[in-house]
Amino acid sequence: MLKTLFVGLTLAASAAGFSLAAHAGYPERPIQAVIPWGAGGATDNVMRSLSPYVEKEVGGKLILSNRPGGTAVIGTTYVLGQQPNGYTLLLGAENPQLYPVLGLAQFDYGALHPINLIGQNVAVIATHADSPYNSMADLLAAARANPGTLRMGGAGAGALPSTVHAMINAVGELKVREVTFGGDGPGITALMGKHIDFMPLSLAAAKELIRTGKLKALAVVNAEEIPELPGVEPISKALPAIAEYLPWGPFWGVWVHKDTSEDIKQKLTAAYARAVASPEFQTFLKNYGAKSLNLSGDEASQYLQRWQSVTAWSMYKAKAVATSPDTLGIARP
């Protein structure tokens, strides 16, 4: 019996050693990094700016590929279907946290392991440079006068524009016609071409265009003015009741298959933490109008749960979704 126990322990130790040895050289080949949004948008820009610093820290090459569609469902589902070997990453944004309540998919980010929550951005309500509207109050008044006629740029259910729209409708009324695009990049092009009247956007995507006068900012989705857009009023000025959902904003992060080995998860987590903290990338985030988060582990999970709670319940209150979040285990904020 003792001999059998000794052999069993020896085999277990050998297997563990083999496992560690197998991952000791990770990454031994390029890592596929999936961006579930189109090129040129905020998520794409952030990930392509960060990746060179990650490659330096992890000691390997990232192959970035865009797999847009279905409010990021297509790219996220693809990553979930890959082998849990650390060679496929998801470089995404906030959208999957709303999939269950929107009925887009039965999973949220709980189906993946968070490597790093990189940063959070502020949303801004933007219009084209020649728009007759100069404030959020102007836009709301025009929508009330002609309900359902203003054209709002969107990117699908659960994307930033529809989420901000739902938050507004939770405390007020903004009846518009949504025109859907494959991301904020194509939406911005349409907005500058005056094919739509306004669009809620991440500050990261719109800041430089606002600064150069190619777009006009009507309000920031915040409870106070922000330094990056001096003179642009907070949305709470026109809609004081929206303050209960603030601060709020879109965010970006990196995820890996939940069943990936712990040593690979730890290596990726450490590499991304150092890359996000690098002075060069911190400068990029600041210039991009974004706030650094650099969260992993329990802190990342807590952030994701709070964001999901605040957003899902505001959408339910606005009647943007029919499913009560509590039936999905999403607690009230």
### Query
Can you find a side-chain donor-acceptor pair between Ser292 and Asn294 that sits under 3.5 Å?
no
### Query
Taking a hydrophobic cluster as the set of Ile, Leu, Val, Met, Phe, Trp and Tyr residues connected by side-chain heavy atoms closer than 4.5 Å, whether directly or through intermediates, do Leu285 and Leu160 fall within one such cluster?
no
Side chains of residues 93-108: which donor-acceptor pairs under 3.5 Å do they make with residues two or more places apart or in other chains?
from	atom 1	to	atom 2	distance (Å)
Glu94	OE1	Phe251	N	3.2
Asn95	OD1	Trp37	NE1	3.2
Asn95	ND2	Gly158	O	3.3
Gln97	OE1	Tyr109	N	2.9
Gln97	NE2	Leu304	O	3.1
Tyr99	OH	Thr71	O	2.6
Tyr99	OH	Ala72	O	3.3
Tyr99	OH	Val73	N	3.0
Asp108	OD1	Gly110	N	2.8
Asp108	OD2	Gln308	NE2	2.9

### Message
If we ignore hydrogens and angles and just use 3.5 Å, is the side chain of Ser202 paired with the main-chain N or O of Ala123 as donor and acceptor?
### Response
no
### Query
Does Arg48 come within less than 4.0 Å of Asp44, counting only side-chain N to carboxylate O?
yes
### Task
Output yes when a side-chain donor or acceptor of Trp255 lies under 3.5 Å from a complementary backbone atom of Ala111, and no otherwise.
no
### Query
Taking the side chain from Glu225 and the backbone from Gly231, do they hold a donor-acceptor pair closer than 3.5 Å?
yes
### Task
Decide whether Phe281 and Leu295 are clustered together by the hydrophobic rule: side chain heavy atoms of Ile, Leu, Val, Met, Phe, Trp, Tyr closer than 4.5 Å, transitively.
no
### Query
At their closest point, which heavy atom of Gly25 faces which heavy atom of Glu28, and how far apart are they?
O-CG, 3.3 Å
### Query
Would you call Gln120 and Tyr303 a side-chain contact if the rule is heavy atoms closer than 4.5 Å?
yes
### Task
Check the hydrophobic clustering (I, L, V, M, F, W, Y; side-chain heavy atoms under 4.5 Å; chains of links allowed) and say if Val176 and Leu201 are grouped together.
no
Output side-chain donor-acceptor pairs under 3.5 Å for residues 166-175, partner residues at least two apart or in another chain, one line each.
from	atom 1	to	atom 2	distance (Å)
Asn169	OD1	Leu174	N	2.7
Asn169	ND2	His165	NE2	3.2

#### Entry: Interatomic distance, Arg144 atom CZ to Asn146 atom CG [nearest 0.5 angstrom]
12.0 Å
### Query
Can you name the nearest heavy-atom pair linking Pro27 to Val58, along with the distance?
CD-O, 3.4 Å
### Task
Dump the intermediate steps for side chain to side chain contact (heavy atoms under 4.5 Å, CB included) on Ser296 and Thr269, then the final yes or no.
CA-CA 7 Å; Ser296 59; Thr269 298; 3.7 Å; yes
### Query
How far apart are the closest heavy atoms of Ile196 and Gly153, and which atoms are they?
CD1-CA, 3.6 Å
### Message
Nearest 0.5 Å, please: how far is CD1 in Ile115 from NZ in Lys267?
### Response
13.0 Å
### Query
So, are Glu55 and Lys61 salt-bridged, with charged N and O less than 4.0 Å apart?
yes
### Task
Looking only at non-hydrogen atoms, find the nearest pair between Ile330 and Ser309 and report the distance.
CG2-CA, 3.8 Å
### Query
Any donor-acceptor pair under 3.5 Å linking the side chain of Gln282 with the backbone of Val276?
yes
### Message
Working note: Thr127 + Lys216, criterion side chain to side chain contact (heavy atoms under 4.5 Å, CB included); need CA distance, chi angles, decisive distance, verdict.
### Response
CA-CA 5 Å; Thr127 185; Lys216 185 195 302 186; 3.8 Å; yes
### Message
Could you report the tightest heavy-atom contact between Ile188 and Met199, atom names first, then the distance?
### Response
N-SD, 4.4 Å
### Minimum heavy-atom distance Phe181-Ala190, with the two atoms named
CZ-CB, 3.4 Å
### Query
In terms of hydrophobic clusters joined by side-chain contacts under 4.5 Å, are Leu50 and Leu64 together?
yes
#### Entry: Donor-acceptor under 3.5 Å (Trp313 side chain, Ala331 main chain)
yes
### Query
Is the backbone N or O of His195 less than 3.5 Å from a side-chain atom of Arg151, with the two atoms forming a donor-acceptor pair by type?
yes
### Query
Taking the side chain from Thr180 and the backbone from Ala155, do they hold a donor-acceptor pair closer than 3.5 Å?
no
### Message
Taking Met47's backbone N and O only, do any of them form a donor-acceptor pair with Ser51's side chain (distance below 3.5 Å, no angle check)?
### Response
yes
### Asn121 side-chain N/O to Leu203 backbone N/O, donor-acceptor pair under 3.5 Å
yes
#### Entry: Whether Ser236 side chain and Leu239 backbone form a donor-acceptor pair below 3.5 Å
no
### Task
Give every residue pair that meets the salt bridge (Lys or Arg N to Asp or Glu O under 4.0 Å) criterion with at least one member in residues 292-317, sequence neighbours excluded.
Glu244-Lys317
#### Entry: Pair Tyr272-Glu57, side-chain donor/acceptor within less than 3.5 Å
no
### Task
Answer yes when Lys194 and Asp130 have at least one side-chain N-carboxylate O distance shorter than 4.0 Å, and no when they do not.
yes
